[in-house]
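Source: prediction; values computed, not measured.
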Amino acid sequence: MFEKFLRFFVENARMNYTLFFLIFAIGIYSYTKTPKEIFPNFDLDMISINGSYSGASVDILDKMAVTEIEDNLKNITGIKEITTVISPSRFTIVLELIKGQNRYNIADKVKDTITLTKSNLPSDMDEPSVNVIERYKKLIDVTLTSKKYSTDELKPFATQLKSKILGVDGVGDVSIYGDSDKYFEVLLDDRKIEALNLNKSDVFSVISNLSYIFPIGKIEGSKKHFYLSTYNGAKNAIDFENSLIKISNKTLFLKDIATVKKRYEDSSTLFSFNGENALSLAVEQSETSDALKVSRDMKKLLKKINKENSDIHITIADDNSERIQDRLNIVISNILLGIILITILVALLINFRMSAIIAIGIPTSFVIATVYMYTFGYTINMISLVGVLIAIGIVVDDAIVVSENIQQHIEEGYEPKEAAILGAKEMVKPVTIASMTTLFSFLPILMISGTMGEVMKLIPIALSALLVASLIESFIFLPIHASHTLKSGSKVTSWEKANKIYSEIIHFFMRWKKTFLLLFIILVPIITLMAIKSSKFQMFPNFDATDIKISIKANENTKLEDAYKIVQSIEADLIKEEKRFFIRSIDSVAGFRRDTGSNTERFPYVMYMTVELKKLKQMNFLDKYITPYLSFYYDKEGREKN
């Protein structure tokens, strides 16, 4: 039956080649559309509970709130572990769930528990919030500076820019640091109020109703809904002053008794960039987006906006897509180098025609595997590419074994097409069984639980995709290529000397077989044990850091403005050593910080700094002559750091 299958694809050459080019085109398209990132996407089986109680110490919070909440949470099934972080005035409880539990259902149960627990918490304490933890995927920082405009004057522009950035496909969220809300400041003139014999309570009541939004319904659409509301109130200070009001049967303008200014609230955070007052827009990508594509689209948008607003300088800092590019460049260039070296070795050790078939077969297997990865929503990242690296040798073995067997049948006098059918048919069982045994040896990785299991599972998935793709290539496309490429009498490298040496070695061990077996049984376990003891295990290698994070906490009485001065003074000192430390940019936030455990704090006395470094120089032969030419995204700009 399989012979009929092979004969069909070999004898229908036009259809075979059409299918080959079609799959290749689909594979290339799939690669361009598949998201690229450093580590794969996965859902965290975690839920967070965040609460605050102003003025409470750590001990008070623990006794009055946290312990009560933790005790009630223990009754919920599906929770594996509870971890709590308490700081003055606030706390965070993280719930790690048992694998396979529906985190949204558990979150609803936790919310119900918090609602029931609220009666036992301090009455003046806000109800804690419950959130399903999503992975933090920061992509890029956009900073705004200007010599013409003040920070307050930049805030409307920052809000407009945020809206435009959110319109870029793949952007999940944008947070503005240094921003604050607008409000009307109404300064009442007591003397005028007394002169007009007005009641202050009536004045306050009338002014509070001058500007409001009242919802009256919504219109449902096919894709989204639109809210309907009535609006009352001026949008600028002059119109607000000219508002006609009626107090105690007297009609007058607001400006008759008050002065109105439209201004910004005091910022909860202050941002600095390279020592200058600035605003920052922290852009996060959505989970399924391609970081490289989102970054490219954003840069095009910002370049256009920068040209339209020459007085405002827009700078991109801490671009995570550059790190993704560098990591992918290393792995992809290594894969391509391996393919080139394998092709050359086959040409030298067997013959050129067979190396040509293998050179076509390896990328064909890759593009078929890429179609699978794209179709089922996986991403191209460091982990999936490790699976690809492992599978390269197996893919090459399949191609060599099948093509070499076809060559033997051609040498025996069969026509190329008949030789292709017979040679492939004989190799179906051994090649398939060899691939399956390799695949089964990696399947236990899928049983690893927790975050590490979610990361590592992509190795067997990528490996299996490439193994299946290799089987498809070896028994559908390779036979037709072999029938048109291989021919009788092709020069094959002689292995007589190598076979002679190998035969002598085998005969030597056969003569001393008892001694050899005894030494093997004793020495191999001892050497293996010593190697394991002396080896150092590291799950992932350290990469060169491209930025340094500095988290600072000052005295609790420190004001936001003082914290801002602290980070700016540190910035000034670092900028003086810019060349020495290869500093590319420095951005700082006062009023916000993130610690090593990714816990965030928003207090006037906390600070957070990011020192972005220049890229590492080309240090070795691979960096200089291989990676730049075998990479898809290589960028040599800014590589100055030793």
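Sparse packing is recorded around NZ of K565, with 12 or fewer heavy atoms of other residues, nucleotides or ligands lying under 6.0 Å away.
Here the CG atom belonging to N274 is positioned 11.5 Å from the CZ atom belonging to R584, to the nearest 0.5 angstrom. Interatomic distance, CD1 of I86 versus CD1 of I60, reported as 11.5 Å (0.5 Å rounding). Distance OG/S129 to CD1/I114: 9.0 Å, rounded to 0.5 Å. Taken from CD in E571 to CG in D587, the straight-line distance is 7.5 Å, to the nearest 0.5 Å. Interatomic distance, CD1 of I550 versus CD1 of I586, reported as 8.0 Å (0.5 Å rounding). Here the straight-line distance linking atom CZ of R90 with atom OG of S52 works out to 6.0 Å at 0.5 Å rounding.
Applying the ring pair (Phe, Tyr, Trp, His ring centres under 6.0 Å) criterion to Y372, with sequence neighbours excluded, gives F376. Judged as a side chain to side chain donor-acceptor pair (under 3.5 Å), and not counting sequence neighbours, the contacts of K293 are D297. For T315, the side chain to side chain donor-acceptor pair (under 3.5 Å) partners two or more places apart in sequence, or in a different chain, are H313. For S569, the side chain to side chain contact (heavy atoms under 4.5 Å, CB included) test picks out no residue, with sequence neighbours left out. For the side chain to side chain donor-acceptor pair (under 3.5 Å) test, residues two or more places apart in sequence or in another chain that qualify with S321 are S295, D319. Partners of T115 according to the side chain to side chain contact (heavy atoms under 4.5 Å, CB included) rule, which considers only residues two or more places apart in sequence or in another chain, are E127. With sequence neighbours excluded, no residue satisfies ring pair (Phe, Tyr, Trp, His ring centres under 6.0 Å) with F442. Partners of N120 by side chain to side chain contact (heavy atoms under 4.5 Å, CB included), not counting sequence neighbours, listed by chain and number: E68. When the side chain to side chain contact (heavy atoms under 4.5 Å, CB included) test is applied to S150, the partners found at least two apart in sequence or on another chain are D152, E153. Qualifying salt bridge (Lys or Arg N to Asp or Glu O under 4.0 Å) partners for D71, counting only residues two or more places apart in sequence or in other chains: K74. Every salt bridge (Lys or Arg N to Asp or Glu O under 4.0 Å) that K549 has, sequence neighbours left out, goes to D318, D547. Remark: S585 engages E612 in a side chain to side chain donor-acceptor pair (under 3.5 Å) (not counting sequence neighbours).
Between P128 and F91 there is a side-chain heavy-atom pair separated by less than 4.5 Å. Using a 4.5 Å heavy-atom threshold, the side chains of N277 and Q568 count as touching. Contact check for V142 versus V283: side-chain heavy atoms found under the 4.5 Å cut-off. Between L166 and V171 there is a side-chain heavy-atom pair separated by less than 4.5 Å.
Side chain of S384 to main chain of I380: no donor-acceptor pair is present (N/O by atom type, distance under 3.5 Å, no hydrogens or angles). Although no hydrogens or angles enter the test, the distance criterion places no donor-acceptor pair under 3.5 Å between the side chain of S163 and the main chain of T159.
Annotation for G78 and I106: closest pair CA-CD1, 4.4 Å, computed over non-hydrogen atoms. Closest approach of L144 to L154, counting heavy atoms only: O-CD1, 3.9 Å. Closest of all the heavy-atom pairs between A590 and L560 is O-CD1, 3.4 Å. The minimum heavy-atom distance between V567 and M609, with the atom names listed, is O-CE, 4.0 Å.
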List the steps, then state whether side-chain contact (heavy atoms from CB on, under 4.5 Å) holds for I82 with T84.
-> CA-CA 7 Å; I82 301 175; T84 306; 4.3 Å; yes

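Of the options V94, L95, T83, a side-chain contact (heavy atoms from CB on, under 4.5 Å) to M46 is made by V94 and by none of the others. Shown are V85, V130, V110, I69; of these, the side-chain contact (heavy atoms from CB on, under 4.5 Å) with I93 is made only by I69.
For the residue pair D562 / Y605, no side-chain donor-acceptor distance below 3.5 Å is found, with atom types taken as modelled.
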